[in-house]
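Read the structure below first, then the notes.
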Protein chains: 2
Amino acid sequence: MAEDEVEPLLDAKLLRLFLLLYQGGSVTRAAEQLGQSQPTISIWLGRLRRSLNDPLFVRTAEGMLPTPRAEALAGPARAALEALRQVSAPEPAFTPGTTRRQFRICMTDASHITLLPRILAKLRDAAPLAQLEVVRIGPDTGHRLQSGEVDLALGFVPELEAGFYQLALYEQDWVCLANRDHPRLGAELTLSDFAAEGHIGIVSGTGHALQEEALQRHRITRRMVLELPGFLGLGAILSTTDLIVTLPRHIGTTLAGLNGLRLYSCPMNVTGFTVKLHWHSRYHQDPANRWLRGMCASLFQGRSPN
Amino acid sequence: MAEDEVEPLLDAKLLRLFLLLYQGGSVTRAAEQLGQSQPTISIWLGRLRRSLNDPLFVRTAEGMLPTPRAEALAGPARAALEALRQVSAPEPAFTPGTTRRQFRICMTDASHITLLPRILAKLRDAAPLAQLEVVRIGPDTGHRLQSGEVDLALGFVPELEAGFYQLALYEQDWVCLANRDHPRLGAELTLSDFAAEGHIGIVSGTGHALQEEALQRHRITRRMVLELPGFLGLGAILSTTDLIVTLPRHIGTTLAGLNGLRLYSCPMNVTGFTVKLHWHSRYHQDPANRWLRGMCASLFQGRSPN
DNA sequence: AGATTGTATTGCTTTTCTCAATAATGGTGG
DNA sequence: CCACCATTATTGAGAAAAGCAATACAATCT
C-alpha cells in the first residue's frame, strides 16, 4: 500500500505573504497588509522557509532582501497566485444576446404543436445566435437530462418526477374535438353522445393512461375507429369525418383553431395533469440552463398557452 | 481603516480533491487516494462547494458527475495545481560546466598577485563558460556583498567580521624582502638591521595598521624612503636598491620568487592575521555562490598558497 | 554606549481539523 | 412497490494547529 505523504504545496496565504515580502521587504508591513499580527507573519515566514528550504529573505539595513532562490521564485509565485485567482474567479455571466449555444429540449408530441412555436419565437428574439434542437421524449430522457445531452424536458412526464428538479407550469384538463358540421352533435357533448360516437385514439403521450383510467371509472367502452401514433393529420381527419377525439385542452384549442373544429368540454371526468419543466440537478446552477428555464417559465408558468 | 477580508482562495488540497473527483467521480475513492477518511473528504467537498458557489459534482448512477461549472474549472484547476508545484519544485542544480554566470570577487591588492592566478585557473577548468570579474576591496565592499554586486570578498578585511558569513582560509605571518645582493645584510635580518635600513611602505591593505602597531610596541621608528599605494613595481625597486619592505608571507614569497629577492623572517613581531572568505547571508544558500566558495576553500583552506 | 526599529520566540486561548459512528440519499433487484 | 445496497452527508469528541499579546533578541542609527 505504501500510502505515502502527499507533497506539501504552498498555501495561498503563504504565496501572498511571499510576494508582499518580495515587494515590501518588511514583515511588519506585510502583517498589516494581510491583517495579521506580526508574530503570525513571522511564523508564516518560518513555514515558507522550511517549506522551500531557503531563508528566502534576510535582514539588512534596507529591509528583508530576497535571496537568489526568492528572486527565482517570485515569478512562479506570482503565476501560481494568479492561477488560483483564476479558479476562484466568478463565473462569467451568460449573455443570451451573443451566445451560440445549442439548446436541446425534450418535448411530447403535443408540445411540438402547442409550446414550441412560442419558445422558438422568444428564443430567436432573446438569443438570435443560439440554436434549438427538439428531441422527442422517450424512455431515455432521464439519461439525456443527466448527461447534458438535453437541457430540459417539457410536458407531462411522470417518470421524471423523482430525482429531477421540476417546475410546474400549468394544469391541463381534457376536451373533445369534433367536426363543426357533425351530423348528430349539438351544443353540448353528453356522456351518452360520447359513448355512442366513434373515436380516434392517440396512443402517443403519457396522458393516454389517464383516459383509460377514466373510461374504466365511468364503465364506458369507446368505439375506437382509428388509432394514431401522434397528432399529425388529426385535424384533417376530424374535419372530414364524424369521429371525435379526446385530448388535453391546450392542444385541443390549438387544433380547433387551426382546423375549424368544434371544441367540447369532455363529458367524462378525465383526471387532469400538470405540465412541468424537468431538469437534472447537475445543471441546476448552470447559467445557460437557468436562463432557458426562466424563459420557459416566463412563457408558460401559471397560464395555459391557450 | 476598513481592513477588509482577503479573498478566499482555494487550498492545494482542495484543488487536488477537485481534480480527483473530476477524474474519478467518487468521494470514497478520492478519500483513499488522498489518504483521508471519507467524511473528511465530504467536508472538503462541502468547502469546495461553498467556496465556488456551485454543487460542482452531483450524485448519479454513474458516480459524481461534474456540473458545467466544474467542467469549466477543470482546466484552470489543473493549471493552478501545476503552478503551485512549480513553486515548490526543487531548485534547479547549479552546473558549473555549462554556466555562463559572471562571478565577482572582491580582493585585496595582495591577493591579485597571490590568489587570483590559481582561482582563475581552477575556474576556467571547472566552469569554462563562466566569467570572472575582480573588484578591489573598498569601504563599500559590505554593501556590494549584500546587494549581490559581488559574490565574495577574499582577504584580511576586519570590517567584514560582523554581520557576514566568513570562512578562515589560512594564517599569515610577516616577512621582509630585500635585494639578494644587499651591501649590508647577511643571512639573518636582525632587529637593528631593520631599524637602520631604509624602508618601503605599502599603504594599501588593512595589514598596514598591524605593522604600525608592531613598530610602536617595539619603539622603532623606521626610516621610510618610499611609500607605494600597492605592490605594483615593488620587485623592480627592491632589486635595484638597498631598501627593505615588510609584507605578509604569501606575497613575500611570491615576489621573492618572481624577482630573485631575498626573504627574511621579520625581526619585528608583527601580529599575524587570518585570510578569510566573506559573503553575505543573502547568498548563503545560493548554489552558485556556494560552489564558488567551495572552490576557493578547496584551493586555499588550511594551507597558505606558498 | 543607549535608543530605536524590526524580527523571532513563548505561553496560552480559540479555532479548526480529523475520524469513528451514524444518518440520509439515491439506485437497484427481488 | 418495498427492502436492500452502495455511497455521500452529518454529528460529536478528541487532537492538532493557528493566532495573538507579551517578550526576547538582533541590528542599526544617533
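Proteins get letters first, then strands, A, B, ... in listed order; numbering begins at 1 in each.
Atom CD in B/E62 sits about 10 Å away from atom P in C/dG27, given to the nearest Å. The nearest whole Å value for the distance from the CG atom in A/D11 to the C1' atom in D/dG19 is 14 Å. Straight-line distance from the CZ atom of A/R59 to the C1' atom of C/dT4: 11 Å, rounded to whole Å. In this structure, OH of B/Y165 is placed 11 Å from P of D/dA27, rounded to the nearest angstrom. Atom CD of A/Q38 and atom P of D/dT23 are 15 Å apart (whole Å). As rounded to whole Å, 9 Å separates atom P of D/dA18 from atom CG of A/L14. In this structure, CZ of B/F164 is placed 15 Å from C1' of D/dA26, rounded to the nearest angstrom. The separation between A/L45 atom CG and D/dA18 atom P is 15 Å, rounded to whole Å.
OP1 or OP2 of D/dC20 lies within a sub-4.0 Å distance of a side-chain N or O belonging to A/T40. B/T28 has a side-chain polar atom (N or O) that falls below the 4.0 Å cut-off from OP1 or OP2 of D/dT8. One finds a side-chain N or O of B/W44 lying less than 4.0 angstrom from the OP1 or OP2 phosphate oxygen of C/dT18. Taking only side-chain nitrogens and oxygens, B/R49 comes nearer than 4.0 Å to OP1 or OP2 of D/dA9. For D/dA18, one of the phosphate oxygens OP1 or OP2 lies less than 4.0 angstrom from a side-chain nitrogen or oxygen of A/R47.
Between B/R69 and A/D286 there is no salt bridge, since no side-chain nitrogen of the basic residue lies less than 4.0 Å from a carboxylate oxygen of the acidic one. By the 4.0 Å N-to-carboxylate-O rule, B/R217 lies close enough to B/E213 to be salt-bridged with it.
Within the 4.5 Å cutoff, the side chain of B/T60 has heavy atoms near those of the A/H280 side chain.
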task = Show the numbers, then the answer: is there a ring pair (Phe, Tyr, Trp, His ring centres under 6.0 Å) between B/H278 and B/F164?
result = CA-CA 6 Å; B/H278 302 265; B/F164 291 87; 7.5 Å; no
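Residue A/T60 is classed as having no contact, given no heavy-atom separation below 4.0 Å to the nucleic acid.
Counting only heavy atoms from C-beta on, B/Q36 has its side chain closest to C/dT18 among D/dG19, C/dT18, D/dT8. In this structure, of C/dT18, D/dT8, C/dT7, it is C/dT7 that holds the atom nearest to the side chain of A/V27.
No donor-acceptor contact under 3.5 angstrom links the side chains of B/Q285 and B/E91, judged on distance only.
Mapped onto DNA chain C by nearest heavy atom, B/S37 and B/A61 fall at different nucleotides, with B/S37 at the one closer to the 5' end. Ranked by how close their nearest DNA chain D nucleotide is to the 5' end, B/Q146 and B/I41 are led by B/I41.
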